[in-house]
Chemist: 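Okay, here's the structure, questions in a sec.
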Amino acid sequence: MTVTVGVAGATGRMGEAVIAAAADRDDINVALAVSRSPGAHVEGVEVEDAADLPGLLERRTPDVLVDFTGPAACIEYAATCADAGVAFVSGTTGLSEGGFDALHEAAADVPVLYASNFSRGIAALRRAVREAVPALDGYDIELTETHHNAKRDAPSGTALTLLDDIDDARGESPRVHGREGEAPRDEREIGVHARRAGDIAGEHEVLLAGNHESLSLTHRAGSRGVFAAGALDAAAWVADRDAGWYDFTEVLE
Ligand SMILES: NC(=O)C1=CN([C@@H]2O[C@H](COP(=O)(O)OP(=O)(O)OC[C@H]3O[C@@H](n4cnc5c(N)ncnc54)[C@H](OP(=O)(O)O)[C@@H]3O)[C@@H](O)[C@H]2O)C=CC1
Ligand SMILES: O=C(O)C1=N[C@H](C(=O)O)C[C@H](O)C1
């Protein structure tokens, strides 16, 4: 079965990667691409004006809209998809709690699949973290993420997901963002460090140290292609589901 997708944020780094990845697949057809900078062509696909999204969804009838934009656009497009009966897949990060509430509202009407990271390696890292944290009770934990110099949100969405995983595994811990001054670290705190440099696609390290040993769990994305492939796998998986909230881990089961 071929799944037809629309791509929101088509002129962005991820939008371009998604359209390029779709061009290599037989199971995905890009029916529509939008951004606030229409007129461009990405892999031969014409990028249209995001302001026309409601009408474009009605005329082109994609099965799924794949969104990599910014928080405001993500919330707006989720509601537009809910009105149009189009499934919504989003990897946009930087959403507030209210933003997630808005996505959950859309999930009452259409399938919504959200992931702060669409790489399989990060899914495996999350499992490893959930296993390591209780096994290394009392060890200090520090989380470091590194991304390209144009990334807007910090810490990354993936870092926030990993912090939630750590809280689930050992109870809520205070988060210390960067560190300066003279006080030693609190034994329960988690240091969170966000680095921005060059064109790094995305790196996350969870460091656990104590008892004269340390364990470093690290994931490095080699290119955005890895996220694009995961997002398209998610689009293909979610296209014919019932309305509801879905997670990338379900795609991988
Ligand atoms: N979950 C995952 O696996 C991944 C998630 N991401 C996340 O995806 C998002 C996009 O990242 P990236 O592609 O690097 O960002 P870019 O800035 O390169 O691209 C963003 C795109 O979204 C459009 N856009 C932004 N805001 C709006 C808006 N309000 N209305 C309409 N269009 C808008 C931009 O259009 P315009 O040209 O008009 O500005 C642009 O096309 C980020 O939140 C990032 O963290 C990134 C990689 C992987
Ligand atoms: O903006 C990016 O580039 C990325 N954003 C996501 C995040 O915030 O975790 C995922 C990935 O690390 C790349």
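Every number for a ligand or one of its atoms is a count from 1 in the order of the listing.
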Chemist: Provide the number and element of each atom of ligand 1 under 4.0 Å from a heavy atom of G9.
Modeler: 21 (C), 22 (O), 23 (C), 41 (O)

Chemist: What's the shortest distance from atom 44 (C) of ligand 1 to any protein heavy atom, and which residue and atom give it?
Modeler: T93 OG1, 3.6 Å

Chemist: For atom 3 (O) of ligand 1, find the nearest protein heavy atom and state the residue, atom name and distance (0.1 Å precision).
Modeler: F118 N, 2.8 Å

Chemist: Heavy-atom count around E172 CD within 6.0 Å, excluding the residue itself: above 12?
Modeler: no

Chemist: Output every pair passing ring pair (Phe, Tyr, Trp, His ring centres under 6.0 Å) with a member in residues 197-224, not counting sequence neighbours, ordered by first then second residue.
Modeler: H147-H204

Chemist: Are more than 12 heavy atoms, taken from residues, nucleotides or ligands other than R195, located less than 6.0 Å from that residue's CZ atom?
Modeler: no

Chemist: Quick one: look up the protein heavy atom nearest atom 5 (C) of ligand 1 and list residue, atom name and how far away it is.
Modeler: G91 O, 2.9 Å

Chemist: L207: which other cluster members, linking ILVMFWY side chains closer than 4.5 Å, directly or transitively?
Modeler: none

Chemist: Spell out, yes or no, whether V64 and L53 are grouped together once hydrophobic residues are joined by side-chain heavy atoms under 4.5 Å, including indirect joins.
Modeler: no

Chemist: Any salt bridge between R224 and E16, counting N to O under 4.0 Å?
Modeler: no

Chemist: Measure F248 to ligand 1 on non-hydrogen atoms and call it side chain, backbone, both or neither using the 4.0 Å cut-off.
Modeler: neither

Chemist: Should we say atom CG of D167 is surrounded by more than 12 heavy atoms from elsewhere, each under 6.0 Å from it?
Modeler: yes

Chemist: At a 4.0 Å cut-off, with the gap strictly under it, does some heavy atom of Y114 reach an atom of ligand 1?
Modeler: no

Chemist: Please check: side-chain N/O of N211 versus main-chain N/O of E213, any donor-acceptor pairing under 3.5 Å?
Modeler: no

Chemist: Between E131 and R126, does a salt bridge (Lys or Arg N to Asp or Glu O under 4.0 Å) hold up when you go through it step by step?
Modeler: CA-CA 9 Å; E131 192 165 325; R126 291 184 61 193; over 6 Å; no

Chemist: Using only atom types and a distance under 3.5 Å, with no angle test, would you say the side chain of T92 pairs donor to acceptor with the backbone of T69?
Modeler: yes

Chemist: Any idea which protein heavy atom is nearest atom 22 (O) of ligand 1, and the distance to it?
Modeler: T69 CA, 3.3 Å

Chemist: Please indicate whether any nitrogen or oxygen in F227 is less than 3.5 Å from any nitrogen or oxygen in ligand 1.
Modeler: no

Chemist: Name the closest protein heavy atom to atom 18 (O) of ligand 1, giving the residue it belongs to and the distance to 0.1 Å.
Modeler: R13 N, 2.8 Å

Chemist: So, using ring-ring contact (aromatic ring centres under 6.0 Å, His included) as the criterion, who are the partners of Y114 when residues are at least two apart?
Modeler: F100

Chemist: Which residue supplies the protein heavy atom nearest to atom 46 (C) of ligand 1, what is that atom called, and how far is it?
Modeler: M14 CG, 3.4 Å

Chemist: For ligand 1, find out whether one of its N or O atoms is nearer than 3.5 Å to an N or O atom of T11.
Modeler: yes

Chemist: Give the intermediate values and the outcome of salt bridge (Lys or Arg N to Asp or Glu O under 4.0 Å) for residues R120 and D233.
Modeler: CA-CA 11 Å; R120 284 159 191 265; D233 290 343; 2.9 Å; yes

Chemist: One line per pair, note the atom names and distance for all nitrogen or oxygen contacts under 3.5 Å between ligand 2 and the protein.
Modeler:
residue: ligand 2; atom: 1 (O); partner: K151; partner atom: NZ; Å: 2.9
residue: ligand 2; atom: 3 (O); partner: H148; partner atom: NE2; Å: 2.9
residue: ligand 2; atom: 5 (N); partner: K151; partner atom: NZ; Å: 3.2
residue: ligand 2; atom: 8 (O); partner: T93; partner atom: OG1; Å: 3.4
residue: ligand 2; atom: 8 (O); partner: K151; partner atom: NZ; Å: 2.7
residue: ligand 2; atom: 8 (O); partner: G157; partner atom: N; Å: 2.8
residue: ligand 2; atom: 9 (O); partner: G157; partner atom: N; Å: 3.3
residue: ligand 2; atom: 9 (O); partner: T158; partner atom: N; Å: 2.8
residue: ligand 2; atom: 9 (O); partner: T158; partner atom: OG1; Å: 2.4
residue: ligand 2; atom: 12 (O); partner: H147; partner atom: NE2; Å: 2.6

Chemist: What do you reckon, is CG of D137 surrounded by more than 12 foreign heavy atoms closer than 6.0 Å?
Modeler: no

Chemist: By number and element, which atoms of ligand 1 are closer than 4.0 Å to a non-hydrogen atom of T92?
Modeler: 43 (O)

Chemist: Would you mind checking which non-hydrogen protein atom is closest to atom 8 (O) of ligand 1, with the distance to 0.1 Å?
Modeler: F68 CD2, 3.4 Å

Chemist: Looking only at heavy atoms of A115, does any of them come nearer than 4.0 Å to an atom of ligand 1?
Modeler: yes

Chemist: Relative to ligand 1, is S37 under 4.0 angstrom through side chain, backbone, both or neither, heavy atoms considered?
Modeler: both

Chemist: Taking R175 first and then D164, would you say they form a salt bridge - that is, a charged N and a carboxylate O separated by under 4.0 Å?
Modeler: yes

Chemist: List every atom of ligand 1 that sits less than 4.0 Å from any heavy atom of N117, numbering the atoms from 1 in the order shown and giving each element.
Modeler: 1 (N), 2 (C), 3 (O)

Chemist: Quick one: nearest non-hydrogen protein atom to atom 2 (C) of ligand 1, plus distance?
Modeler: S116 O, 3.5 Å

Chemist: Could you pull out, from R224, K151, R36, the option with a heavy atom nearest to atom 26 (N) of ligand 1?
Modeler: R36

Chemist: Could you tell me whether some N/O pair between H148 and ligand 1 is separated by less than 3.5 angstrom?
Modeler: no

Chemist: Is atom CD of E58 surrounded by more than 12 heavy atoms (other residues, nucleotides or ligands) closer than 6.0 Å?
Modeler: no

